[in-house]
Enquirer: 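Input: one structure, supplied below.
Count residues from 1 along the sequence.
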Amino acid sequence: MKLLIVVNRDRFFLSHRKEIAIEALKRGWEVTIAAVDTGLMDQILAMGVNVAYLPMSRSGINPLKEFKTLLFLRRLYRKERPDIVHHVGMKAILIGTFAAYRNKKIGIVNAVCGLGSFYNNGRTGKVEAITIRALRFLHNQSNIICLFQNSDDRAFFLNNRIMKEHQARLIKGGSGIDLEVFHALDFPADDIVRIILPSRMIKEKGVFLFVQAAERLRDRFYGKAEFLLAGELDYGSISSISEQEILSVCDGTYVKWVGYIEDMRSMYASIHIVAFPSYYHEGLPRTLIEANAVGRPIVTFDSVGCRECVIDGYNGYVVPLLDVEALSERIAELISSSSLREEMGKHGRELAERVFSLKDVVDGHFRIYDEVAALAKKS
């Protein structure tokens, strides 16, 4: 079997899809990754995986660039002749499915890991309508299965008649988590309570809302709590935040930006609370899966993808969308009570063991691969 995974960046593959490729190699499959090179392709090659350097912009619409990507993928599919192509993300789905259109010998898995900037960046309704029509046209094929991480995205595709119900599959564990690597952690024993927002630094991830919540609590908790922004700048996003903008809202003591953290496991060991006020159209945020696995309580908005990771009052709090006052008050409750943090953290670990096991997620993908490969053979 030949598996080709198309994803926007090599970094995203390594953080979210690497284990699927590893399992495919164990099964004797040939695996190729097509991704934008950000300097990590050597790590993928070292795994024994083939790579194709994908010429694709992550955001924005430039017809000439998108056409170049389309031609690249069409040639790649003809050259590699994969049994299965796994498109990850909306842009890869649109261009990749177009490139494979009417090639019924390929089984296509389209993984919708959040609608993201397609419906969050202020584009007009006309652009959205064109996108939906294009998706509907492309999915009118018998050799396609759509994979969803949350029920909202599945409903969006079905309600807009993008696909048939028999083409939809829901894997609730998202990209999954290795529960042995991300094991339950003891809470730090020091007196300072640390609250973290682990995310790319883009507006829709709630970066400035997190800072607003911190400022609301400054008089009550200065010297007792620290608010940490942990994530890379993302100039490839339409909603990117500059370094100057980040530093302008941080004082370096109470509110800090610590940048990109390579080893989040070690970071969580020094953290008490994870706050994630995202209003981005998430799939299933990996940071919230990690927070559950290591046993940290979560405060998040009642937004797509986020609410799938938190049972309100059980392993954290789900607050109304964009309600900074409610966000700050729930954070304050957790800052003020170590016993509440302990209880919710324990519940988060239990939830991770039930829902987010990496093994279950990988096994689910291979059942879908087998299914779509069989559909392609029938076509």
Enquirer: Tell me whether R9 is salt-bridged to E232, with the criterion being a basic N under 4.0 Å from an acidic carboxylate O.
Expert: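 Salt bridge between R9 and E232, a charged N being under 4.0 Å from a carboxylate O: yes.
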Enquirer: Could you walk me through whether V372 and I84 pass the side-chain contact (heavy atoms from CB on, under 4.5 Å) check?
Expert: CA-CA 8 Å; V372 79; I84 299 164; 4.2 Å; yes
Enquirer: Within a 6.0 Å radius of atom NZ on K68, are there more than 12 heavy atoms belonging to other residues, nucleotides or ligands?
Expert: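 No, because the 6.0 Å sphere around NZ of K68 holds 12 heavy atoms or fewer from other groups.
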Enquirer: Quick check: does any side chain N or O of N315 sit under 3.5 Å from a backbone N or O of H347, one acting as donor and the other as acceptor?
Expert: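 Side chain of N315 to backbone of H347: no pair is present.
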Enquirer: So do L334 and L340 actually touch side chain to side chain, heavy atoms under 4.5 Å?
Expert: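 Heavy-atom side-chain distance check passes, below 4.5 Å.
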Enquirer: If you measure from the Lys or Arg side-chain nitrogens to the Asp or Glu carboxylate oxygens, is any gap between R218 and D251 under 4.0 Å?
Expert: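 D251 and R218: salt-bridged.
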Enquirer: Is a side-chain N or O of S328 found less than 3.5 angstrom from the main chain of R216, in a donor-acceptor match?
Expert: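 Side chain of S328 to backbone of R216: no pair is present.
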Enquirer: Is the shortest heavy-atom distance from the side chain of L229 to the side chain of C250 under 4.5 Å?
Expert: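 Yes; the side chains approach each other to less than 4.5 Å.
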Enquirer: Is there a path from F227 to F187 through hydrophobic residues (I, L, V, M, F, W, Y) whose side chains come within less than 4.5 Å of each other?
Expert: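 No; tracing contacts between hydrophobic side chains, which count when under 4.5 Å, never links both residues.
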Enquirer: Could you tell me whether the side chains of H281 and D152 share a donor-acceptor contact shorter than 3.5 Å?
Expert: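 No, no side-chain donor-acceptor pair sits under 3.5 Å.
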Enquirer: Distance under 6.0 Å and angle within 45° of the ring axis: does R307 meet both against F301?
Expert: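 Output no; distance or angle outside limits.
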Enquirer: For R367, check side-chain contact (heavy atoms from CB on, under 4.5 Å) against everything at least two apart and list the hits.
Expert: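 For R367, the residues satisfying side-chain contact (heavy atoms from CB on, under 4.5 Å) (neighbours in sequence not counted) are D363.
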Enquirer: CG/L147 to CD/Q167 distance, rounded to the nearest 0.5 angstrom?
Expert: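 Reported value, rounded in 0.5 Å steps: 13.0 Å.
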Enquirer: Can you find a heavy atom in the side chain of L135 that is under 4.5 Å from one in the side chain of N160?
Expert: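 Sidechains of N160 and L135: no contact.
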Enquirer: Are any of the side-chain heavy atoms of L233 and S240 separated by less than 4.5 Å?
Expert: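 L233 vs S240: side chains apart.
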Enquirer: In plain terms, say whether R169 and E371 are close enough for a salt bridge, that is, a side-chain N and a carboxylate O under 4.0 Å apart.
Expert: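 Yes, R169 and E371 are salt-bridged.
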Enquirer: Can the ring centres of F137 and Y101 be said to be less than 6.0 Å apart?
Expert: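 For F137 and Y101, the ring centres are under 6.0 Å apart.
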Enquirer: Taking all non-hydrogen atoms of both residues into account, name the closest pair between M163 and A168 and its distance.
Expert: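 That would be CE-CB, 3.3 Å.
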Enquirer: Please give me the minimum heavy-atom distance between N292 and C309, naming the atom from each residue.
Expert: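 Looks like ND2-O, 3.1 Å.
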Enquirer: Output all residues satisfying side-chain contact (heavy atoms from CB on, under 4.5 Å) with I289, sequence neighbours left out; order by chain, then residue number.
Expert: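 Partners of I289 under the side-chain contact (heavy atoms from CB on, under 4.5 Å) test: I177, L284, F356.
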Enquirer: side-chain contact (heavy atoms from CB on, under 4.5 Å), that's the test. Do I311 and L351 meet it? Break it down for me.
Expert: CA-CA 9 Å; I311 301 171; L351 182 64; 4.2 Å; yes
Enquirer: Enter the distance from D370:CG to L375:CG here, rounded to the nearest 0.5 Å.
Expert: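 These two atoms lie 11.0 Å from each other.
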Enquirer: Which heavy atom of H139 sits nearest a heavy atom of I144, and at what distance?
Expert: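 Of all heavy-atom pairs spanning H139 and I144, the closest is CD2-CG2, 3.7 Å.
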Enquirer: Of all heavy-atom pairs between A52 and F72, which one has the smallest distance, and what is that distance?
Expert: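 So the two residues come closest at CB-CZ, 4.1 Å.
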Enquirer: More than 12 non-hydrogen atoms from neighbouring residues, nucleotides or ligands closer than 6.0 Å to CG on D186, yes or no?
Expert: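 Counting other residues, nucleotides and ligands, CG of D186 stays at 12 neighbours or fewer.
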Enquirer: Is there a path of hydrophobic side-chain contacts, each under 4.5 Å between heavy atoms, that joins F208 and L247?
Expert: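 Yes, it is one cluster - the side chains of F208 and L247 are joined through contacts under 4.5 Å.
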Enquirer: Would you check if M1 and Y369 make a side-chain contact, meaning some heavy-atom pair closer than 4.5 Å?
Expert: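 Sidechains of Y369 and M1: no contact.
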Enquirer: Could you check whether E308 pairs with R154 (Lys NZ or Arg NE/NH1/NH2 to Asp/Glu carboxylate O, under 4.0 Å)?
Expert: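 Judged by the 4.0 Å cut-off on N to carboxylate O distance, E308 and R154 do not form a salt bridge.
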Enquirer: Atom OG1 of T253 and atom CD of E226: how far apart are they, to the nearest 0.5 Å?
Expert: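 Between atom OG1 of T253 and atom CD of E226 there are 8.0 Å.
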Enquirer: Using distance alone, with no hydrogens and no angle criterion, decide if S242 and E245 have a side-chain donor and acceptor under 3.5 Å apart.
Expert: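 Note: S242 and E245 side chains meet the donor-acceptor criterion.
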Enquirer: Which donor-acceptor pairs under 3.5 Å do the side chains of residues 17-31 make with protein atoms, sequence neighbours left out?
Expert:
| from | atom 1 | to | atom 2 | distance (Å) |
| --- | --- | --- | --- | --- |
| E23 | OE2 | R27 | NE | 2.9 |
| E30 | OE2 | N50 | ND2 | 3.4 |

Enquirer: Does some side-chain heavy atom of V85 sit less than 4.5 Å from a side-chain heavy atom of V6?
Expert: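 The answer is yes; the side chains approach within 4.5 Å.
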Enquirer: Measure the spacing between CZ of F13 and CD1 of I44 and express it to the nearest 0.5 Å.
Expert: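 Atom-to-atom, F13:CZ and I44:CD1 are 5.5 Å apart.
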Enquirer: Determine, step by step, whether R296 and E290 satisfy the salt bridge (Lys or Arg N to Asp or Glu O under 4.0 Å) criterion, reporting the C-alpha distance in whole Å, the side-chain angles of both residues, the deciding distance to 0.1 Å, and the verdict.
Expert: CA-CA 9 Å; R296 294 297 181 261; E290 291 174 351; over 6 Å; no
Enquirer: Taking the side chain as everything from C-beta on, heavy atoms only, tell me whether I335 gets closer than 4.5 Å to I273.
Expert: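 SC-SC contact between I335 and I273 confirmed.
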Enquirer: Check each of K205, K203, R200 against D234 using the salt bridge (charged side-chain N to carboxylate O under 4.0 Å, His left out) test, and report the only one that passes.
Expert: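 For D234, the salt bridge (charged side-chain N to carboxylate O under 4.0 Å, His left out) test succeeds with only one of K205, K203, R200, which is R200.
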Enquirer: Assigning hydrophobic clusters by single linkage (Ile, Leu, Val, Met, Phe, Trp, Tyr; side-chain heavy-atom cutoff under 4.5 Å), is I162 placed with I130?
Expert: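 No; I130 is not reachable from I162 via cluster members.
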Enquirer: Provide the closest heavy-atom pair for P277 versus L327 in the form atom of the first, atom of the second, distance.
Expert: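 Heavy atoms of P277 and L327 come nearest at CB-CD2, 3.8 Å.
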Enquirer: Taking L179's backbone N and O only, do any of them form a donor-acceptor pair with H183's side chain (distance below 3.5 Å, no angle check)?
Expert: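 Not confirmed, H183 side chain does not pair with L179 backbone.
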Enquirer: Could you check whether any side-chain N or O of S336 sits under 3.5 Å from a backbone N or O of E333, counting only pairs where one atom can act as donor and the other as acceptor?
Expert: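 Judged by distance alone, no pair lies under 3.5 Å.
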Enquirer: Check this for me: Y314, atom OH, are more than 12 non-hydrogen atoms of other residues, nucleotides or ligands nearer than 6.0 Å?
Expert: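 Yes, because the 6.0 Å sphere around OH of Y314 holds more than 12 heavy atoms from other groups.
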Enquirer: Looking at I271 and M267, what are the two nearest heavy atoms and their distance?
Expert: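 Scanning both residues completely, I find the closest heavy atoms to be CG1-O, 3.2 Å.
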Enquirer: Any chance you could lay out the side-chain contact (heavy atoms from CB on, under 4.5 Å) test for I171 and I368, step after step, and finish with the verdict?
Expert: CA-CA 10 Å; I171 294 184; I368 291 168; 4.0 Å; yes
Enquirer: Side chains of Y254 and E215 only: does a donor on one sit below 3.5 Å from an acceptor on the other?
Expert: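 Not at all, the side chains of Y254 and E215 share no donor-acceptor pair under 3.5 Å.
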Enquirer: Does some side-chain heavy atom of M41 sit less than 4.5 Å from a side-chain heavy atom of V51?
Expert: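 Side chain of V51 against side chain of M41, heavy atoms only: contact under 4.5 Å found.
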Enquirer: Show the numbers, then the answer: is there a salt bridge (Lys or Arg N to Asp or Glu O under 4.0 Å) between R349 and E353?
Expert: CA-CA 6 Å; R349 176 66 188 187; E353 291 173 354; 3.1 Å; yes
Enquirer: Could you tell me if the ring centre of F148 sits under 6.0 Å from that of F157?
Expert: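 Yes - the distance between ring centres of F148 and F157 falls below the 6.0 Å cut-off.
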Enquirer: May I ask whether Y268 and L288 are part of the same hydrophobic cluster, defined by side-chain heavy atoms of I, L, V, M, F, W, Y residues being less than 4.5 angstrom apart, directly or through others?
Expert: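 Same cluster.
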Enquirer: Crowded around D263 CG? As in, over 12 foreign heavy atoms under 6.0 Å?
Expert: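 Atom CG in D263 is packed in, count exceeds 12.
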Enquirer: Between the side chain of T32 and the main-chain N/O of L4, is any donor-acceptor distance below 3.5 Å?
Expert: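 Not at all, since once roles are kept as given, no pair shorter than 3.5 Å links the two residues.
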Enquirer: With a 4.5 Å cut-off on side-chain heavy-atom distances among I, L, V, M, F, W and Y, is there a chain of contacts connecting I246 to Y260?
Expert: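 I246 does not cluster with Y260.
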Enquirer: In this structure, are over 12 heavy atoms from other groups packed under 6.0 Å from F67 atom CZ?
Expert: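 Result for CZ/F67: open.
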Enquirer: I145 vs I108, test: side-chain contact (heavy atoms from CB on, under 4.5 Å). Steps then yes/no.
Expert: CA-CA 6 Å; I145 289 178; I108 300 172; over 6 Å; no
